[in-house]
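Structure record follows, encoded as structure tokens.
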Amino acid sequence: MTRDRMKFDLDTAWRDAVRLARENSGLLFAISGIFVFLPYAVAMLLLPAVAERPDLPDGASFEMAMQAMNAFYAKTWWIFAIIAVVATIGQLSMLALIGRRASPTVGEAIGIGGKAILPAWLALILQSLAINFIVLLIVSLASLTGLGALAFVATLFAFGLALYLFTRLSLVLPLVAVDGEKNPIRALTGSWAMTKGQGGRLLAFYLLLAVGAFVALLVALLVVGLVLSIGGPTVAEIGNSIATAAAVTAIVVLTTSVLAAVHRQFRRLERSGPSVPPTA
């Protein structure tokens, strides 16, 4: 059977992700608790002391909203940057824990995550810069024509293209954490080569998961918010911060398990057909 006839299987990927999460739930939540839940919860609780959240009046314009948000993030960007770096170390550690065949210990997995953070972040930054440049180029060229309809269509096309490109490059973290790739460029090209011909199916898989996770998260936070509101504003604020941190942690664990399962399936497809040049 040639690689052209082999397709990424959504059901298999989901079942593998659930199995990986279930079999390693204790270790995954231990790592995510340290690297995701605690930093996020502490940051959310301390954030009001750094900068007040934007409180827009009724009928505020889009420009006013953007100015308020820019002012808020100008004071707090460093907090979110620290959270992002720490959370990425945790995600890399979890990927190494459940993705490597050698089955490293928690300490070894965290060590792998710490060493992998630099090439992983360089790859993610390059990925983001490249995709943003393409999107801005498409939208800007369409806007120069002065045709509103064309600019609208171009914006929709650019958004869809960005989702597709992010999908094709979504295996950067598993390539770094599981396969041990230390070169950011090779991690990007490796993800692109690995997902060749499977981008549409993989994007559909990610979109289905995103919609399901969004609905579940929204319902959970609404229920928790209603319960916490009984205790008053202070209890509600603290409780919502903790609940949001717990929800983000669950999403990170799910995302990590999905990435590990997707990476594992693509490796199986490679072994069953013409292979992509292996990474380091």
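The figures here come from the full heavy-atom set of this structure, side chains too, leaving out hydrogens, waters and symmetry mates. If you're wondering where the values come from, they're calculated on a predicted model, not measured in any experiment.
The side-chain heavy atoms of Leu209 and Trp14, taken from C-beta on, include a pair separated by under 4.5 Å. Side-chain contact between Ile112 and Leu95: absent, with no pair of heavy atoms (C-beta onward) separated by less than 4.5 Å. Between Gln91 and Val36 there is no side-chain heavy-atom pair separated by less than 4.5 Å. A 4.5 Å side-chain heavy-atom check between Asp16 and Arg268 finds at least one atom pair inside the cut-off.
Distance alone, capped at 3.5 Å, is enough to place a donor-acceptor pair between the Thr145 side chain and the Ala142 backbone. With Ser140 contributing its side chain and Leu136 its backbone, the two residues share a donor-acceptor pair below 3.5 Å. Gln127 places no side-chain N or O within 3.5 Å of a backbone atom of Leu188 that could act as its donor or acceptor partner. Listed for the Asn183 side chain is a donor-acceptor partner under 3.5 Å among the backbone atoms of Ile185.
Sorted pairs that involve residues 209-219 and meet side-chain hydrogen bond (donor to acceptor under 3.5 Å, both in side chains), not counting sequence neighbours, are lacking altogether. Among residue pairs with one or both ends in residues 89-111, none qualify as salt bridge (Lys or Arg N to Asp or Glu O under 4.0 Å); sequence neighbours excluded.
Listed by chain and number, the residues in a side-chain contact (heavy atoms from CB on, under 4.5 Å) with Leu202 are Phe8, Thr167, Ser170, Thr195, Phe205, Tyr206, Val262, Phe266 (sequence neighbours excluded).
Between Phe80 and Tyr73, the ring centre distance stays below 6.0 Å.
Of all non-hydrogen atoms in Leu171 and His263, the two that sit nearest each other are CD2-N, 4.2 Å.
A single hydrophobic cluster is seen to contain both Leu126 and Val172, as judged by linkage of ILVMFWY side chains at heavy-atom distances under 4.5 Å, directly or through other members.
The environment of Phe159 atom CZ is sparse: at most 12 non-hydrogen atoms of other residues, nucleotides or ligands sit within 6.0 angstrom.
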